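Count residues from 1 along the sequence. Note that the structure is a prediction, hence the values are computed from the model and not measured. Heavy atoms only: backbone and side chains are in, while hydrogens, waters and symmetry mates are out.
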Amino acid sequence: LNMHNFVVFCFLSAALLVCVKGAFPPPCDSEIYCSGPILHQVQEAKLFDDDKFFVDMKLRETPDVVLSAFRNLSQEHPNATVPPGKLQEFLSLYFEAPGTEFESWTPPDWHDKPKFLEGIADQELRNWAEKIHHLWKSLGRKVIRASVKDHPELYSQIYTPHPVVVPGGRFRELYYWDSYWVINGLLLSEMTDTAYGMIQNFLYLVNRYGFVPNGGRIYYERRSQPPFLTLMVESYYQATKDKDFLRSALPGLEQEYRFWMQNRSVAVRLNETLHVLNRYDVQILICCGSARESMFFFLSLPSDRKEQLWMDLKAGAESGWDFTSRWYIDGDGHNNGTLRDTRTSQILPADLNALLCLSEKTLASFHRILGDGDSAARYDQAAARRLQAIESVLWDAERGAWFDYNLVTQSKHFEFYPSNLAPVWAQCYSRPEMGEKAVQYLKKSGALQFPNGVPTSLTDSGQQWDYPNAWPPLQHMLISGLSKLPSEDAKQLALDLAQRWIRTNWLAYGKYEAMFEKYDVNGDGKPGGGGEYEVQLGFGWTNGVALQLLDQYGATLTSGSGHLSTGLLLPLVISATLMLQ
């Protein structure tokens, strides 16, 4: 990590939680958790290793009482700056430690030996999958204090009516796009009630905010994350065939879709045709403060770029890829630079638009299931328009993949990211040869040379969503997409990537007895690194992806131990014999 990035990381976590004064709304209305003198001085004093620690603490008294007490304390000291020791005493008196609003919760529908385990041939992997299945019990959380609902001013926690399965580590509350893979894992573990409750929480949030916030804290409530709620409902419906649930969920799904189309879309004119595509774009500024000014001093930003950078950093957080060279646009308009060159809102992401294309097709199918042909046709038309836009603006026939579009230069970014193949996963392309071209693109990209998975980029920027890190959702989307293509070449590549990913997860678990949020594509099974916080273990989406791959490829994947389950050995021998004939 170079000194430039170190300075940025010192301020970034705290800064993204700080509030705004000006024409745009603040991250939240709280003078404790999103603005105000206490937050400012806690950040400046660096009392905690993780800036998230303070903003997750619960108030013992009302905000007015706490703010008044802090004003009185500040007046006792020069420049109204409370010494770190006194500040710590104040926090101990007026705040509780993070997480006290929750209790650990074992989902009541958890049970031993879900059926998918029987399909895993390798005995070592089967035993490991059973351990992952057990991790759901350690990641369950239930709000135990009625005051979270009745006195929300005492908490940064957003009330939701049902218990949740959290990612793990510092992420002690509900998160949005993580939960898609968590829910898929829960459904494999036959925990449909728990999955149902999590989806109901998201629908509750849509009803309250008009969209799903990034996570279950008030400092996230004015930005979202990749909109996977429709696909969560699809997963649940495929597992249960519950039409009543589908009927009740559909209005919330359509409300969220409208939010993205009304607030996160942009029109692009290309060859005299106007195309509408989506982007991440968070219109929130932040207050002046020494943390911000220190960061700007080291970044040497011109004044006209300061506020835009903050909005683009928040848009980067909304993307889920926080942070990455993928969102960089330097002074020459190229996809390189440093964190100061983050321009997320000026990039049309291939994966976001593939996701929305799949969501549109899924919403159409929901309406058909419920007998509303007219509404189904409207979403079919929306998907067709998006498909045309994706192929006109993002597809590159010569290279054979889909690329993010730079609104500044009106050109594509040709650097490698796994998201360049997202339309394959979404099955959002018009000609079969496009999928096969994408396979050849991937093979030539240089991204398949690593033993432990496909890196998030080929740029070693020090950011966590770049090389050498590999992230579970990106591996799963890539593998799932390849597995849907008709060619044996693509299917074999999907199996090979699944084997690499499962083996690195399994090896790391053997060393650390933990599942991590990300992994290093090099080495022999180790967690990833970089970014503004330590690598986290737990870990919700990692568990979900591992279980899905073990379910899909369980008859074939191997730990390398050579121990196959006897119940599956004979079918494998027969299959191998037939292949040789």
Side-chain angles (χ1 to χ4, degrees), residues 107-111 114-116 136 140 160-165 174 176-212 224-261 354-387 425-428 476-477 480 484 541 544 547-548 551-552:
D109 56 348
W110 187 94
H111 63 88
K115 290 183 178 62
F116 83 91
W136 297 133
T160 50
H162 299 277
V164 299
V165 174
L174 159 153
Y176 184 12
W177 78 310
D178 299 59
S179 296
Y180 173 65
W181 288 273
V182 169
I183 285 169
N184 285 339
L186 292 172
L187 292 171
L188 273 176
S189 292
E190 299 164 17
M191 299 169 64
T192 53
D193 291 345
T194 301
Y196 173 86
M198 291 186 67
I199 293 170
Q200 290 295 341
N201 283 337
F202 290 124
L203 292 169
Y204 171 88
L205 292 171
V206 171
N207 186 58
R208 176 174 173 180
Y209 294 103
F211 65 98
V212 180
S224 189
Q225 273 192 329
F228 273 89
L229 181 54
T230 295
L231 300 193
M232 295 179 201
V233 170
E234 164 71 5
S235 294
Y236 183 85
Y237 177 75
Q238 291 302 327
T240 65
K241 302 301 180 183
D242 185 342
K243 286 189 180 180
D244 290 337
F245 163 77
L246 191 59
R247 188 173 289 105
S248 68
L250 194 49
L253 303 183
E254 294 187 302
Q255 184 177 2
E256 184 194 34
Y257 176 75
R258 286 193 297 273
F259 168 84
W260 282 87
M261 296 311 297
L355 170 59
L356 285 166
C357 179
L358 180 53
S359 295
E360 287 159 344
K361 293 191 293 182
T362 304
L363 289 168
S365 75
F366 289 168
H367 280 293
R368 272 191 292 274
I369 290 167
L370 297 174
D372 186 348
D374 290 343
S375 294
R378 284 199 302 274
Y379 282 104
D380 281 333
Q381 291 162 7
R385 287 193 297 270
R386 188 179 301 275
L387 175 62
W425 163 76
Q427 296 185 292
C428 191
H476 183 257
M477 292 170 75
S480 176
K484 294 171 186 172
W541 63 13
L547 294 184
Q548 285 181 270
D551 177 60
Q552 183 175 358

(message) Please determine whether side-chain contact (heavy atoms from CB on, under 4.5 Å) holds for the pair Leu547 and Trp136, giving the CA-CA distance in whole Å, both sets of side-chain angles, and the decisive distance to 0.1 Å.
(response) CA-CA 12 Å; Leu547 294 184; Trp136 297 133; 3.9 Å; yes
Is there side-chain contact between [X] and [Y], with heavy atoms separated by less than 4.5 Å?
X      : Y      : answer
Tyr180 : Glu234 : no
Met198 : Met191 : no
Glu256 : Pro227 : yes
Val233 : Phe366 : yes
Leu229 : Ile199 : yes
Phe228 : Ser359 : no
Val182 : Val164 : no
Met232 : Ser179 : yes

Measure the [atom1]-[atom2] distance between [X] and [Y] for me, rounded to the nearest 0.5 Å.
X      : Y      : atom1 : atom2 : value
Gln548 : Leu187 : CD    : CG    : 9.0 Å
Asp242 : Ser248 : CG    : OG    : 7.5 Å
Trp260 : Ser224 : CH2   : OG    : 5.0 Å

(request) Check the side chains of Arg368 and Ser365 for a donor-acceptor pair under 3.5 angstrom, ignoring hydrogens and angles. (result)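 Their side chains do not contain a donor-acceptor pair, so the 3.5 Å distance test is not met.
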(message) For a quick check under 3.5 Å, do Gln552 and His476 share a side-chain donor-acceptor pair by atom type?
(response) no
Indicate the atoms forming the closest heavy-atom contact of [X] with [Y], along with that distance.
X      : Y      : value
Ala195 : Tyr236 : CB-CD1, 4.4 Å
Pro163 : Asn201 : O-ND2, 3.6 Å
Asp178 : Gln225 : OD1-OE1, 4.1 Å

Given 3.5 Å as the limit, does a donor-acceptor pair link the side chain of [X] with the main chain of [Y], or not?
X      : Y      : value
Lys361 : Ala426 : yes
Asp193 : Asp109 : no
Glu190 : Pro114 : no

(message) I'd like to check the ring-ring contact (aromatic ring centres under 6.0 Å, His included) partners of His162; sequence neighbours left out, ordered by chain and number.
(response)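 None.
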(request) Would you please name every residue forming a salt bridge (charged side-chain N to carboxylate O under 4.0 Å, His left out) with Asp244, sequence neighbours left out? (result)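 Expected list: Arg247.
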(request) Check whether more than 12 heavy atoms from other residues, nucleotides or ligands sit under 6.0 Å from atom CZ of Phe116, and answer yes or no. (result) yes
(message) Are there over 12 heavy-atom neighbours, none belonging to Lys115, within less than 6.0 Å of that residue's NZ?
(response)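 No, the 6.0 Å shell around NZ holds no more than 12 heavy atoms from other groups.
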(request) Classify the angle between the aromatic ring planes of Trp541 and Trp177 as parallel (below 30°), tilted (30 to 60°) or perpendicular (above 60°). (result)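 Trp541 vs Trp177 ring planes: perpendicular.
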(message) For Tyr379 and Tyr257, I'd like to know if the aromatic rings sit close, meaning centre-to-centre distance below 6.0 Å.
(response)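 Yes.
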Review item, side-chain donor-acceptor pairs of residues 202-212, under 3.5 Å, at least two apart:
residue : atom : partner : partner atom : Å
Tyr209  : OH   : Glu221  : OE1          : 2.9

(message) If we check side-chain contact (heavy atoms from CB on, under 4.5 Å) with Leu363, which of these qualifies: Asp380, Leu250, Leu358?
(response) Leu250
